[in-house]
Amino acid sequence: MRLKRNLSQRLVAETLGFDRSYLAKVEKGERELSPELLERLLNVYQSIEVSEIIEAKFDYVRIRFPTHNVKAVIETVLCMDFAYFDKKSTGLYGYKEMYILGMIRVLNSEKGSERGVLIELSGQGCRNYDAILEERQETWKDFMSRAVAFLGVATRIDVALDDFEELFSIPEMAKKLERGMCETKFKSMRIINQESLQESESEGVTIYLGSRQSLMHFCFYQKNYETAKRERVAVEEVDVKNRYEVRMTNEKAREFLKHYMSNFDFSSLILGVISNQLTMLEYDRNGDLTVWKKWYKLVGNTEAINLKIEPEKPSFRKKLSYLDYFMSRTIALVNAKDQATGTTHLKDIIARGEENLRESDEKLLEIELAEVSELAKTTGVVL
């Protein structure tokens, strides 16, 4: 019941006011709950709606870390044994080496590169990591918490809803979109109807909403056709009928994770993002456009969630962090050479930098000094 609701042991234990290790022993059958605690636990779980028709999952994860210590990322963030990973050379995304176990991939860049270390979990990689989390009796929230604590920055997050009932027909939705029977914030769409050349039969319809180069787009498709073709079975034998994917990069991915870390119900969050971007329509008896009843079966009364991106102001501290993470060893090396030989390499580099300072750089410095001055005024501290 806990895992279906995407809750961690720690969060449940804190909610009920007892130790996480106690809940772990209960789940292993080593301890028993009192009738009172059992009732409280069930009340917590039953207050969070779980659909047997829709299953939510992470389907692609890419997170970058400002370090070159790939062993620390694997052991501290993924919580896996570094010794089990195979090392390979790669040129993927500009990285130089890859550590791989199953479809769990960790890439490392050249020393001094701002690319740092990258965790990449494809769809199958996410399913591989599901097994790790289940073994550790954790959820994706636990993993994401560790990634954030290790200064990880999400560059891509795909989430998916698997529909076991086929709440609506994807081909029917495609026809509605072509007729403009929708309200959407997307400016583009693409519909693909794959057909077998040998048998002249459909191999499934896929709908893309939004540009694939934008920060967010949707992909709705008939998952049963894809699975049936891959596994060479009849379409009717496949459990998952439709799949609804939300694909996000950079700022949108990071904004989604902020909501995820503060939201119990993963499915509702995904549905909220979908509902905010798209509403499918139909004509009622009076000829007026209203919400398509089959669409309503999917989104229901879900609160629309806008992944609004606040403009990020330039930051002196951000530049300082970059210098610290990626250039500190180089600065120390040059400084040591200057001190040992009497050269002035570091001083000369700083002088050239001062000559090339832009107006925006000087403004950043002005803001930083103003903040320090304000702090000294309000606290009486001389810095």
Side-chain angles (χ1 to χ4, degrees), residues 3 6 8 55-88 90-109 115-162 212 215-219 223 226-227 230 240 243-261 266-267 269-270 273:
L3 291 175
N6 205 40
S8 67
E55 182 178 86
K57 59 181 65 176
F58 281 95
D59 198 53
Y60 192 102
V61 171
R62 195 187 289 164
I63 302 178
R64 188 179 68 241
F65 299 87
T67 179
H68 295 288
N69 190 341
V70 67
K71 185 173 185 287
V73 171
I74 289 174
E75 295 185 342
T76 306
V77 181
L78 289 171
C79 290
M80 299 176 68
D81 191 337
F82 179 73
Y84 285 102
F85 281 75
D86 291 329
K87 180 181 177 181
K88 298 180 180 179
T90 185
L92 189 63
Y93 312 132
Y95 287 82
K96 69 165 187 173
E97 57 188 22
M98 177 190 299
Y99 296 79
I100 186 167
L101 177 59
M103 288 303 293
I104 298 173
R105 308 198 298 187
V106 184
L107 294 82
N108 198 11
S109 60
R115 289 185 175 89
V117 169
L118 183 78
I119 289 178
E120 182 184 52
L121 305 173
S122 63
Q124 189 55 50
C126 288
R127 304 294 72 80
N128 290 163
Y129 198 61
D130 277 335
I132 301 297
L133 292 173
E134 186 173 348
E135 178 67 24
R136 291 177 55 81
Q137 296 187 322
E138 291 182 336
T139 72
W140 281 87
K141 275 193 175 72
D142 297 295
F143 163 71
M144 294 299 179
S145 295
R146 290 194 293 269
V148 170
F150 213 75
L151 302 180
V153 175
T155 59
R156 179 175 167 185
I157 297 290
D158 291 3
V159 291
L161 295 172
D162 281 341
R212 298 177 75 173
L215 293 177
M216 179 170 67
H217 73 277
F218 295 170
C219 177
K223 180 71 173 177
E226 178 193 73
T227 305
R230 184 179 67 246
V240 178
R243 171 168 282 192
Y244 318 119
E245 294 183 3
V246 178
R247 302 174 178 177
M248 298 157 287
T249 59
N250 301 323
E251 294 93 343
K252 286 290 185 185
R254 294 191 278 276
E255 192 64 25
F256 179 87
L257 285 185
K258 286 181 186 177
H259 282 77
Y260 171 66
M261 298 303 288
F266 190 30
S267 298
L269 173 57
I270 299 172
V273 173

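Residue indices begin at 1 and follow the sequence shown. Quick caveat, the model's predicted, so the values are computed rather than measured.
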- Message: Between Lys252 and Glu255, does any side-chain N to carboxylate O distance fall below 4.0 Å?
- Response: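 A salt bridge is absent here (no side-chain N lies under 4.0 Å from a carboxylate O).
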- Message: Regarding Lys57 and Asp130, does a basic nitrogen lie under 4.0 Å from an acidic carboxylate oxygen?
- Response: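 Result for this pair is no, no salt bridge flagged.
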Heavy-atom side-chain contact between [X] and [Y] under 4.5 Å:
X      : Y      : value
Arg243 : Asp59  : yes
Arg105 : Thr90  : no
Cys126 : Leu121 : yes
Val61  : Trp140 : yes
Val117 : Tyr95  : no
Val273 : Met216 : yes
Phe85  : Met80  : yes
Glu138 : Arg146 : yes

- Item | For Leu257, all residues meeting side chain to side chain contact (heavy atoms under 4.5 Å, CB included), sequence neighbours excluded |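 Leu257: side chain to side chain contact (heavy atoms under 4.5 Å, CB included) contacts with Phe58, Met144, Ala154, Ile157, Tyr260.
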- Query: Is Arg62 positioned over the aromatic face of Tyr93, cation under 6.0 angstrom from the ring centre and no more than 45 degrees off axis?
  - Reply: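 Yes, a cation-pi geometry holds between Arg62 and Tyr93.
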- Is it true that the NZ or CZ of Arg156 lies under 6.0 Å from the centre of Tyr60's six-membered ring and within 45 degrees of the ring axis?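 That pair qualifies as a cation-pi contact.
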- Message: Using the rule given for side chain to side chain contact (heavy atoms under 4.5 Å, CB included), can you reason through Leu78 versus Phe143, listing the C-alpha separation, both sets of side-chain angles and the distance that settles it, and then say yes or no?
- Response: CA-CA 7 Å; Leu78 289 171; Phe143 163 71; 3.7 Å; yes
- Determine yes or no for a side-chain-to-main-chain donor-acceptor pair under 3.5 angstrom, with Tyr244 supplying the side chain and Ile270 the backbone.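 A pair under 3.5 Å: no.
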- Task: Give a yes or no on whether the backbone of His68 and the side-chain of Asn108 come within a donor-acceptor separation of less than 3.5 Å.
- Result: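 Yes, Asn108 side chain to His68 backbone: donor-acceptor pair under 3.5 Å.
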- Message: Parallel, tilted or perpendicular: which one describes the rings of Phe150 and Phe65, with boundaries at 30° and 60°?
- Response: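 Perpendicular: the ring planes of Phe150 and Phe65 meet at over 60°.
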- Looking only at heavy atoms, which two atoms of Ala56 and Ser267 are closest? And how far apart?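 That would be CB-OG, 3.4 Å.
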- Message: Going by side chain to side chain donor-acceptor pair (under 3.5 Å), name the residues that satisfy it together with Lys87, two or more places apart in sequence or in a different chain.
- Response: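 Once residues adjacent in sequence are excluded, the partners of Lys87 under the side chain to side chain donor-acceptor pair (under 3.5 Å) criterion are Glu97.
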